Amino acid sequence: METIPNTTRWRDDNIAMTLKDAFQILTKPVIPQKTRENGDGENELGERDMELEYNEGSSIKVYIAGSSTRPCTDEARAGWGVYFKESDQRNSRSRATGPQTALAAELQAFIHILQTTNPHEGLHLISKSERAHNAITESYKIWENNGWSEAPHKELMIELISRLRERPAPTFFELINKDNTSPWKEKCISNAKDLAKKGRRSGPENEEDESLNQNQIQTRINVPEGVRLSTITQATAYRRQLDGLKDMKSQTTKENTDIIRSDLKAKQGHSPITTQLWHSLKRAKNLTRKHKEFLYKTTRGAYKVGKHWLNSDKPEIRERAMCSPCGQLETLDHIYCRCEIPGREQIWRTIMNIWRAKYPNEQWENPQLGEILGIPSATFKGNDGRVDAGKTRLNQILISEGAHAIWRLRCERVIQHGNDPAKFPKKSQIKSLIKHRINHRLRMDCITADSRKFDKRAIREDLVVDTWQGILEDEDAMPEHWTRSTGVLVGNRLFETEMATPFRPP
Ligand SMILES: [Zn+2]
């Protein structure tokens with residue numbers, strides 16, 4: 001992949017708080033133990049594997065500028081401009097809301113782009129603002145670790161970083177300066193700057209700003225609680241939720257825990273008591289923090305879906321209760337187990353492919369809702385009656401990743417695209433979403449298996465091997481201790497759902 005100077009691919013290397021130390025490994029130069037070729041003849045070298053489908057060249061390029069006058073005075077005014085290309089309808093500008101500084105305006109411009117572009121397409125964001133560039137690519141890590149108290153424009157920074165974290169496709173940030181410029185770049189950035197100046201001059205009475213504000217308000221109303229939650233520091237939010245476990249008892253929770261218990265009983269012959277369900281969720285070692293939050297909130301009915309909306313007296317709000325393309329009430333069971341819109345079936349089919357490759361003699365049935373919500377309590381036992389840790393781990397990883405991917409696709413479709421069928425996800429987008437996630441989990445397992453770095457938090461190397469061995473790409477050519485090599489991937493063929501064995505609907 002060609003590398004452009006001053007360009008950073010934004011990576012979420014501050015998110016795994018429990019794995020904070022893991023990234024010390026990544027900051028060291030990674031020397032690939034070997035180069036290998038996959039079936040397509042592409043070189044695969046560790047981290048880059050994830051980028052085969054993207055590079056800076058194929059990303060949407062956007063130039064961003066802020067503008068301010070009379071800073072630090074009562075008359076301070078700031079605005080932002082974003083420039084895609086000549087006569088592009090997406091070119092836009094606005095007066096900054098809140099603090100009237102150029103930095104605040106620039107951060108708002110970045111947020112605007114993340115809100116309004118397809119999250120499955122690579123983005124290449126170009127600016128001349130060193131402050132904004134450093135804030136987004138470096139300083140945020142320190143601010144986040146210190147509870148954001150030192151961040152300039154804290155709310156904007158939190159929103160921006162959480163939106164970056166939610167993007168499945170990569171985002172590149174490029175800084176233009178004297179060492180990295182060209183007449184073309186200067187021309188584009190100056191167009192963005194002109195827009196920013198116009199934005200700065202416009203007032204709230206300006207028509208365009210009005211319509212933009214309305215959009216923003218609309219978005220806020222539509223964002224379900226869970227998405228907004230991601231703008232709170234994850235650790236705080238998570239702690240708060242788990243602390244609140246005892247006091248919040250609701251009808252929805254009761255219904256969902258009943259479903260979990262009955263589906264788990266049907267699947268594995270016994271069902272844990274309700275307190276045990278929460279305990280397993282809290283302690284789940286096979287789930288990411290994000291997925292634990294997600295399952296917790298889903299089970300507690302914190303995401304507004306289906307009948308929740310029926311209480312309104314406004315017909316347009318009541319409509320939200322329905323999965324409109326399917327014409328059904330949008331229950332959790334509908335979303336994860338029945339919905340006909342592209343995404344759900346393909347994801348479960350991919351999961352099935354992976355499971356069957358690992359356990360070819362076993363039946364696979366798409367998980368029922370209770371199994372999905374209760375996945376931390378779902379275990380497999382070996383012939384000796386003891387828990388089969390590798391099998392349990394793979395199952396929990398696959399089901400939690402699958403369910404979360406389906407939820408993400410559903411939120412994008414409903415919230416960002418208003419159920420517009422023209423914007424339903426394409427097969428290739430669904431594939432790259434799930435492929436990216438599963439490979440990410442494999443890679444994190446390999447990193448954390450390095451017990452020298454992780455002491456107590458380490459996953460045993462043999463558990464990682466038990467979990468993933470048998471479904472890796474080019475496995476025969478792997479070194480004996482493959483968890484220590486950088487180029488490990490789940491077999492690419494397993495993501496090809498066209499080639500899959502016939503799909504049995506649940
Ligand atoms: Zn549906």
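Residue numbers start at 1 and run along the sequence shown. Note that the structure is a prediction, hence the values are computed from the model and not measured.
- Salt-bridge check for E293 with R289: failed, with every basic side-chain N at 4.0 Å or more from each acidic carboxylate O.
- The shortest side-chain heavy-atom distance between V305 and W407 falls under the 4.5 Å cut-off.
- A salt bridge does not link R320 to E330: none of the charged side-chain nitrogens sits closer than 4.0 Å to a carboxylate oxygen.
- Salt-bridge annotation for E345 and R349: present, with a side-chain N of the basic residue lying under 4.0 Å from a carboxylate O of the acidic one.
- Take T483 and apply the side-chain contact (heavy atoms from CB on, under 4.5 Å) test, not counting sequence neighbours, and it matches C446, E461, V464, V465.
- Between the side chain of W482 and the backbone N or O of V488 there is no donor-acceptor pair closer than 3.5 Å.
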Take F173 and L164, measure what side chain to side chain contact (heavy atoms under 4.5 Å, CB included) needs, and give me the verdict at the end. CA-CA 11 Å; F173 288 92; L164 283 168; 3.9 Å; yes

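- Judged by distance alone, with hydrogens and angles left aside, the side-chain atoms of R167 form a donor-acceptor pair with the main-chain N or O of N118 at under 3.5 Å.
- Proximity of R90 to K85: side-chain heavy atoms (C-beta onward) are separated by under 4.5 Å at one or more points.
- Note that CG of L160 and CD of Q115 are 10.5 Å apart. Values are rounded to the nearest 0.5 Å.
- In the model, Q368 has no side-chain atom that pairs as donor or acceptor with a side-chain atom of D263 under 3.5 Å.
- Using a 4.5 Å heavy-atom cutoff, the side chains of L123 and W10 are not in contact.
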Practice item. Dump the intermediate steps for side chain to side chain contact (heavy atoms under 4.5 Å, CB included) on E401 and R441, then the final yes or no. Key: CA-CA 9 Å; E401 289 292 347; R441 295 300 300 274; 2.9 Å; yes

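- In this structure, E473 contributes its side chain and N492 its backbone to a donor-acceptor pair below 3.5 Å.
- Expressed to the nearest 0.5 Å, how far CH2 of W143 lies from CD1 of I158 amounts to 11.0 Å.
- The side-chain contact (heavy atoms from CB on, under 4.5 Å) test applied to A378 returns L264, Q268, I375, N395, not counting sequence neighbours.
- Separation of atoms OG (S162) and CD1 (I111) is listed at 8.0 Å; rounding is to 0.5 Å.
- Partners of L175 under the side-chain contact (heavy atoms from CB on, under 4.5 Å) rule, at least two apart in sequence or in another chain, are N6, E130, H133, N177.
- For R261, the salt bridge (charged side-chain N to carboxylate O under 4.0 Å, His left out) criterion is met by no residue, not counting sequence neighbours.
- In this structure, the side chain of R344 engages the main chain of C339 through a donor-acceptor pair within 3.5 Å.
- Side chains of N366 and W364: a donor on one and an acceptor on the other come within 3.5 Å.
- Across every non-hydrogen atom of P272 and S377, the tightest pair is CG-CB, 3.9 Å.
- A distance-only check finds no donor-acceptor pair linking the side chain of K292 to the backbone of L287 [under 3.5 Å].
- For A403, the side-chain contact (heavy atoms from CB on, under 4.5 Å) criterion is met by F294, Y336, W348, I372, not counting sequence neighbours.
- Nearest heavy-atom pair, N256 versus T298, reported as atom, atom and distance to 0.1 Å: ND2-O, 3.5 Å.
- The ring-ring contact (aromatic ring centres under 6.0 Å, His included) test applied to H291 returns H404, not counting sequence neighbours.
- Contact check for Q429 versus E412: no side-chain heavy atoms found under the 4.5 Å cut-off.
- Within the 3.5 Å criterion, the main-chain N or O of A321 finds no donor-acceptor partner in the side chain of K307.
- Taken from CD1 in I126 to OG1 in T7, the straight-line distance is 7.5 Å, to the nearest 0.5 Å.
- Of the candidates N286, T392, L281, P376 forms a side chain to side chain contact (heavy atoms under 4.5 Å, CB included) with just one, namely L281.
- A side-chain donor-acceptor contact under 3.5 Å links R408 to the backbone of E166.
- At least one side-chain heavy atom of T117 sits under 4.5 Å from a side-chain heavy atom of F84.
- Among residues two or more places apart in sequence or in another chain, the salt bridge (charged side-chain N to carboxylate O under 4.0 Å, His left out) test is passed with D388 by none.
- Annotation: ring-ring contact (aromatic ring centres under 6.0 Å, His included) contacts of Y63 (sequence neighbours excluded): none.
- Residues satisfying the salt bridge (charged side-chain N to carboxylate O under 4.0 Å, His left out) criterion with K267, sequence neighbours excluded, are E371.
- Taking the centre of each ring, W355 and F380 come in below the 6.0 Å mark.
- For the residue pair H112 and T116, the shortest heavy atom distance occurs at O-OG1, 2.7 Å.
- Between A357 and R493, the closest heavy-atom pair is CB-NH2, 4.5 Å.
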_Under the criterion side chain to side chain contact (heavy atoms under 4.5 Å, CB included), I'd like the reasoning laid out for I259 against L373: C-alpha separation, chi angles, the key distance, then a yes or no._
CA-CA 9 Å; I259 292 171; L373 298 180; 5.7 Å; no

TODO: Would you check, one step at a time, whether the test side chain to side chain contact (heavy atoms under 4.5 Å, CB included) holds for D445 with I397?
DONE: CA-CA 11 Å; D445 267 11; I397 289 176; 4.2 Å; yes

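- With W468 contributing its side chain and V490 its backbone, the two residues share no donor-acceptor pair below 3.5 Å.
- In this structure, L125 and V82 have side chains that are not in contact, with every pair of non-hydrogen atoms separated by 4.5 Å or more.
- Take K358 and apply the salt bridge (charged side-chain N to carboxylate O under 4.0 Å, His left out) test, not counting sequence neighbours, and it matches no residue.
- Listed by first and then second residue, the ring-ring contact (aromatic ring centres under 6.0 Å, His included) pairs that reach into residues 258-277 come to none, sequence neighbours excluded.
- Atom NE2 of H417 and atom CG of L409 lie 10.0 Å apart (nearest 0.5 Å).
- Here the closest non-hydrogen pair linking I64 and S127 is O-CB, 3.5 Å.
- Two residues are said to be in side-chain contact when any heavy atoms from C-beta on lie closer than 4.5 Å; F495 and I438 meet this criterion.
- The two atoms that bring C323 and I341 nearest to each other are SG-CD1, 3.6 Å, heavy atoms only.
- If you take OG on S271 and CD on Q276, they are separated by 10.5 Å, rounding to the nearest 0.5 Å.
- Ring geometry for F172 against H124 counts as tilted: the plane angle lies between 30° and 60°, on a 0 to 90° scale.
- Counting heavy atoms from C-beta outward, I471 and L394 have side chains that approach closer than 4.5 Å.
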Show me, pair by pair, the donor-acceptor contacts under 3.5 angstrom made by side chains of residues 418-427, not counting sequence neighbours?
{"from": "N419", "atom 1": "OD1", "to": "R413", "atom 2": "NH1", "distance (Å)": "2.6"}
{"from": "N419", "atom 1": "ND2", "to": "S324", "atom 2": "OG", "distance (Å)": "3.2"}
{"from": "D420", "atom 1": "OD1", "to": "A422", "atom 2": "N", "distance (Å)": "2.9"}
{"from": "K427", "atom 1": "NZ", "to": "E498", "atom 2": "OE2", "distance (Å)": "2.8"}

